[in-house]
Amino acid sequence: HSNDYELAGVSVAVGQHQVTARWKTDPRYKDGDMMPDYFISFHIKRSSTFYVHNGIQPMYTIAFFGFTGYALEPSDLANRAALCAVLFLSIYAVQ
């Protein structure tokens with residue numbers, strides 16, 4: 001999703017390094033020449049809504065459905081057990 005991340009900042013750096021052996025055969029470069037380095041870094045962070053929509057909200061929904069198990073008839077043990085198993089697997093899948 002495009003709203004999962006926020007741009008926190010951008011860093012720019014400039015440096016230089018010695019000409020490597022690969023470029024020493026190039027007639028444009030001589031011993032002791034320096035090659036420029038340019039670095040651009042994008043600093044990103046997850047937005048807080050990501051954790052609400054993908055972590056907290058599903059767990060509360062699953063917990064709500066867990067309480068609906070008490071609405072089933074006490075004699076209907078098979079359906080209660082099936083509901084508990086489905087909710088357990090749902091929690092495992094969400095996490």
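Just so it is clear, the values below take in all heavy atoms, side chains as well, and ignore hydrogens, waters and symmetry mates. The first residue of the sequence shown is numbered 1, and numbering continues consecutively from there. Quick caveat, the model's predicted, so the values are computed rather than measured.
Using a 4.5 Å heavy-atom threshold, the side chains of Phe42 and Ile40 count as touching. Looking at heavy atoms from C-beta onward, Glu6 lies out of side-chain contact with Ile44 at the 4.5 angstrom threshold. Put simply, the side chain of Asp37 does not reach to within 4.5 Å of the side chain of Val14, judged on heavy atoms. Taking 4.5 Å as the limit, every side-chain heavy atom of Phe39 sits out of range of all side-chain heavy atoms of Val12.
If you take CE on Met35 and CD on Gln18, they are separated by 11.0 Å, rounding to the nearest 0.5 Å. Remark: Asp4 CG to His53 NE2 distance equals 9.5 Å, nearest 0.5 Å. The structure places OG1 of Thr61 at 11.5 Å from CD1 of Ile56, a figure rounded to the nearest 0.5 Å.
Both Val10 and Tyr5 belong to a common hydrophobic cluster when Ile, Leu, Val, Met, Phe, Trp and Tyr are linked at side-chain heavy-atom distances under 4.5 angstrom. A continuous path of ILVMFWY side-chain contacts below 4.5 Å connects Leu87 to Met59, so both sit in one hydrophobic cluster.
In plain terms, the two heavy atoms of His43 and Ser11 that are nearest each other are NE2-OG, 2.7 Å. Heavy atoms only, all atoms of each residue included: Asp33 and Arg28 are closest at OD2-O, 4.0 Å. Of all heavy-atom pairs spanning Arg46 and Tyr51, the tightest one is CD-OH, 3.6 Å.
For Thr68, the side-chain contact (heavy atoms from CB on, under 4.5 Å) test picks out Phe64, Phe65, Leu83, with sequence neighbours left out. Remark: Gln16 engages Met34 in a side-chain contact (heavy atoms from CB on, under 4.5 Å) (not counting sequence neighbours).
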